[in-house]
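Input: a single structure, listed below in structure tokens.
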Amino acid sequence: MSQTFVAELVAHLARSLVDRPELVVVRAIEETGHLLIELKVAPSDLGKVIGRRGSTARALRTVVASVAARIRRRVVVNIVED
Amino acid sequence: MVASETRRPADPKAVEAGKRFLSATLGRMGLKADVEVRDHEGDTVLAVVGADAAQVVGKKGATLDALQLLVNRVASKEVEGDRAGLIVDADGYRARREKDLTTMAERLGKKCVTEGKVIVMDPMPPRERRVVHMALARFTGVTTRSEGEGEERRIQIIPMPPPAAPAR
């Protein structure tokens, strides 16, 4: 349950930030000890989800972490290149 | 810092986009909260209200600052090449923080005068630095300036007149 919940939050954040929302792909992978969220966006949108000096990616992870703390899960968000 | 640069009415399209995004985000975070648009001394504030508003703040306002950054990124898409300049608040946090910062600035100002040494504060975002600069502008015996780049930019509180160069 928490898997899709967190994945949908990340997908929503990413789709709102990028120019090509239809190319946003989010995968939730259960790893030992934590939930891994893999975020893939169009190469031209990488800067939109990372931001200057990683500021946007950091903000995205902070929002996810606040939810993760509430549902008592460790969540790692990785931004991967297509 | 020029006040008119940072304080001007936000573009209605940007406000609407920011509000819609914030509402949707709170919902997807599993929080029961609504967003109200308010005006605070010329700044447009998206205020999170409702049962879970306090949960939106986070440690030292970290979640609130993160949401504010994302809201402005999303809203800025509506105003080509411009900053949306929206403030996100919840549970009266921004006002509380401003009061705390003012108190801290005055305490450090006194310390600076007493010890006659430069005090370097922790890095702060532009709006918080402005509060400290303003609090110490009417404080006799010190001057302030910001040093460093981006997220590492910090305020220095400098005694006036500045400390003499160390004797050689």
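Each chain gets a letter, A, B and so on, in the order its sequence line appears, and its residues count up from 1.
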Could you tell me which portion of A/Val18 (side chain, backbone, both or neither) has an atom closer than 4.5 angstrom to a non-hydrogen atom of chain B? backbone
When A/Lys48, A/Arg70, A/Glu8 are compared by non-hydrogen pairs under 4.5 Å with chain B, the top option: A/Arg70
Does A/Phe5 belong to the same Ile/Leu/Val/Met/Phe/Trp/Tyr cluster as A/Val10, with side-chain heavy atoms less than 4.5 Å apart forming each link? yes
Are B/Leu64 and B/Leu101 connected in the hydrophobic side-chain network, where two residues link if heavy atoms are under 4.5 Å apart? no
If you look only at distance, which donor and acceptor atoms sit under 3.5 Å apart when one is on a side chain in residues 17-25 of chain B and the other is two or more places apart or in another chain?
from: B/Thr25; atom 1: OG1; to: A/His12; atom 2: NE2; distance (Å): 2.7
from: B/Thr25; atom 1: OG1; to: B/Phe21; atom 2: O; distance (Å): 2.7

Look at B/Leu67, B/Leu69, B/Val56, B/Asp65 and state which one has the largest set of heavy-atom pairs under 4.5 Å with chain A. B/Leu69
Quick check: closest heavy atoms across B/Ala66 and A/Ala59, and the distance to 0.1 Å? CB-O, 3.5 Å
Interface moiety of A/Val63 toward chain B, non-hydrogen atoms closer than 4.5 Å: both
Could you tell me if the side chain of B/Arg73 sits less than 4.5 Å from the side chain of A/Ser55, heavy atoms only? yes
Are B/Ile87 and B/Val49 connected, step by step, through hydrophobic side chains (Ile, Leu, Val, Met, Phe, Trp, Tyr) whose heavy atoms are closer than 4.5 Å? no
So which residues of residues 143-157 of chain B are in contact with chain A at a heavy-atom cut-off of under 4.5 Å? B/Glu149, B/Glu151
Is B/Ile119 reachable from B/Met134 through a run of I, L, V, M, F, W or Y residues, each pair having side-chain heavy atoms under 4.5 Å apart? no
Less than 3.5 Å apart, which donor and acceptor atoms pair up between the side chains of residues 21-35 of chain A and the rest of the protein, not counting sequence neighbours?
from: A/Glu22; atom 1: OE2; to: A/Arg20; atom 2: NE; distance (Å): 2.8
from: A/Glu22; atom 1: OE2; to: A/Arg20; atom 2: NH2; distance (Å): 3.3
from: A/Arg27; atom 1: NH2; to: A/Glu38; atom 2: OE1; distance (Å): 3.2
from: A/Glu30; atom 1: OE1; to: A/Gln3; atom 2: NE2; distance (Å): 2.8
from: A/Glu30; atom 1: OE2; to: A/Arg73; atom 2: NH2; distance (Å): 2.5

Name, in order of residue number, those residues of residues 29-38 of chain B that have a heavy atom at a distance of less than 4.5 Å from a heavy atom in chain A; otherwise write 'none'. B/Met29, B/Gly30, B/Leu31
When clusters are formed by joining ILVMFWY residues with side-chain heavy atoms under 4.5 Å apart, either directly or through shared neighbours, do A/Leu46 and A/Leu60 land in the same one? yes
